[in-house]
2 protein chains.
Amino acid sequence: MLAGMSLRIALLGLLSAVGPASGYDLAKKFERSLNHVWQAGHTQIYPELVKMAADGLLAVEAEGARGRKIYTVTAEGDHELRTWMVEHAPAGAVRSEIALQAFLLPLMTRDQAVGVVERIKAEFEARLETLDCKPRDHFGRYALDLGLAQARTGIRWAEDTLADLKDHP
Amino acid sequence: MLAGMSLRIALLGLLSAVGPASGYDLAKKFERSLNHVWQAGHTQIYPELVKMAADGLLAVEAEGARGRKIYTVTAEGDHELRTWMVEHAPAGAVRSEIALQAFLLPLMTRDQAVGVVERIKAEFEARLETLDCKPRDHFGRYALDLGLAQARTGIRWAEDTLADLKDHP
DNA sequence: CAAGCCATGTAACCAGTTACATGATTAA
DNA sequence: TTAATCATGTAACTGGTTACATGGCTTG
């Protein structure tokens, strides 16, 4: 089991959850439901589906108009998904521009720092709002809970940091 | 100002904070202090420093034994750093294997899901512990606070999710 | 003088983004 | 019939990882 197959896993998961779909369908669902967890555009998805079919993880169930291919998960694909979920220790590594800006705050003047933290706060608030609008009955509900909790934590951090910056001028 | 220049910014920030340093020094400091915020190995750092010097953001202050070059931030480099901090709206996008596993939990059996969440919880706990050991007087303290708060949020999410999984078998 | 660490680099590869290209279908 | 949207793809590039290569310095 190689590292960095998250795109495959995400596609297998989506197909398992919503049933047979085309590349276009999957790209839309990526944007609508997986966005806060993983991102991929159609230019990455189309070729990956072809490779996954070649590797036996997916089968082409039907071919419609203008080359539209409907994919389904094979038994092997389902096995791959479950194995990854159960066995793969997720990489906890973070690469966050927000955290980088937070890291560098002490290099800024007080006024610069206040401006930066206020923008970060707004960013977390926007995130909270978009996540809050998503349907709660959805099968990605646990990830939604995590995202909401982390957005609230970010807002609280920004408030505390603003207070701290005002205390120590 | 192009997107995706976070590595440059991180290097400018480190050099500003700790003073003149070589590529090797910076690689070590990356590992020790920036790890929870951004990652970069020496194979990425060395060529980037050369490019940054060519672009006028850094100057080679001295050359020591075995080709060791000591870099300093130029006025232009300092300007670049400040401009990015003050003007660049940080990308909030997340790409997290942990969140992906959380997303896919409803596809698993109850036992599989419990195992996955327990491993995620352990991951957050490990993160909390490593961050807790870092020095608090350090110039990256705000990022450290954010990391600690988010690790605690992750642990709380895992506990809530485990309770939820046990309630609804 | 050998073992181990210090220190710097290159090359090949993989993942992800941006820009470009094309044609089918639908609605005004 | 023209404009918008649906739908699929390719190519070039950027950022990041892994594997490899090399040689100086230090200490037992």
Side-chain angles (χ1 to χ4, degrees), chain A residues 1-12 20-32 34-35 37-55 58 60-71 84 88 90-97 100, chain B residues 1-12 20-32 34-35 37-55 58 60-71 84 88 90-97 100:
Chain A
M1 179 81 60
L2 289 69
M5 49 185 331
S6 303
L7 177 58
R8 290 188 161 210
I9 298 302
L11 290 168
L12 288 170
S22 68
Y24 185 82
D25 298 333
L26 289 166
K28 269 193 305 184
K29 289 189 197 292
F30 239 98
E31 199 175 303
R32 284 179 197 164
L34 260 183
N35 225 315
V37 155
W38 206 267
Q39 299 86 49
H42 76 275
T43 58
Q44 205 185 351
I45 291 172
Y46 287 131
E48 189 67 28
L49 289 170
V50 171
K51 276 188 238 159
M52 289 166 76
D55 291 349
L58 301 180
V60 177
E61 195 200 56
E63 283 191 58
R66 53 184 136 148
R68 178 185 176 90
K69 285 184 281 270
I70 307 292
Y71 293 94
W84 186 86
H88 177 74
V94 175
R95 199 173 252 135
S96 155
E97 288 192 355
L100 180 56
Chain B
M1 179 82 59
L2 288 71
M5 49 183 333
S6 303
L7 176 57
R8 289 187 160 211
I9 298 302
L11 290 169
L12 287 171
S22 69
Y24 185 82
D25 298 335
L26 289 165
K28 269 193 303 183
K29 288 191 197 293
F30 238 98
E31 200 174 303
R32 286 181 195 160
L34 260 183
N35 226 314
V37 155
W38 206 267
Q39 300 86 50
H42 76 277
T43 58
Q44 206 186 350
I45 291 172
Y46 287 130
E48 190 66 29
L49 289 171
V50 172
K51 275 188 239 159
M52 289 166 76
D55 291 348
L58 300 181
V60 178
E61 193 200 55
E63 282 192 59
R66 52 185 135 150
R68 178 186 178 89
K69 285 184 280 270
I70 307 293
Y71 293 94
W84 185 86
H88 177 73
V94 175
R95 199 172 251 134
S96 154
E97 288 192 356
L100 180 55

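Just so it is clear, the values below take in all heavy atoms, side chains as well, and ignore hydrogens, waters and symmetry mates. Order of the sequence lines sets the chain letters (A, B, ...), proteins ahead of strands, with each chain counted from 1.
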When you measure from the side-chain N and O atoms of [X] to the phosphate of [N], is any distance below 4.0 Å, counting only OP1 and OP2?
X     : N      : answer
A:Y46 : D:dT8  : yes
B:K28 : C:dT8  : no
B:Q44 : D:dT17 : yes
B:K69 : C:dG9  : yes
A:R95 : C:dG16 : no

Rounded to the Å, how far apart are [X] [atom1] and [N] [atom2]?
X     : N      : atom1 : atom2 : result
B:E63 : C:dA7  : CD    : P     : 16 Å
A:L11 : C:dA15 : CG    : P     : 13 Å
B:L49 : D:dG15 : CG    : P     : 15 Å
A:M5  : C:dA15 : CE    : C1'   : 13 Å
B:D25 : C:dA7  : CG    : P     : 7 Å
B:K51 : D:dG16 : NZ    : P     : 10 Å
B:F30 : D:dG15 : CZ    : P     : 14 Å
B:E48 : D:dT14 : CD    : P     : 12 Å

When you get a sec, tell me which of D:dT17, C:dA7, C:dT18 is the closest nucleotide to the side chain of A:T43?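 Closest nucleotide to the A:T43 side chain: C:dT18.
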Choosing from C:dT17, D:dT8, C:dT8, which nucleotide comes nearest the side chain of A:H42?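 My answer, after comparing the listed nucleotides, is D:dT8.
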Residue B:E31 excluded, over 12 heavy atoms near CD under 6.0 Å: no
Closest non-hydrogen atoms of B:P47 and B:H42, given as atom of the first, atom of the second and distance, are CD-O, 4.2 Å
Using only modelled atom types and a 3.5 angstrom limit, is any donor from either the side chain of B:S22 or the base of C:dT8 paired with an acceptor on the other?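 No, the side chain and the base share no sub-3.5 Å donor-acceptor pair.
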Do A:Y71 and A:V60 have side chains that get closer than 4.5 Å, going by heavy atoms?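 They are in contact (side-chain heavy atoms under 4.5 Å apart), so the answer is yes.
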Between A:E48 and A:R8, is the closest basic N to carboxylate O distance under 4.0 Å? yes
Over 60° means perpendicular and under 30° means parallel, so classify the ring planes of B:H88 and B:W84, tilted if in between.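 Geometry flag for B:H88 against B:W84: parallel rings.
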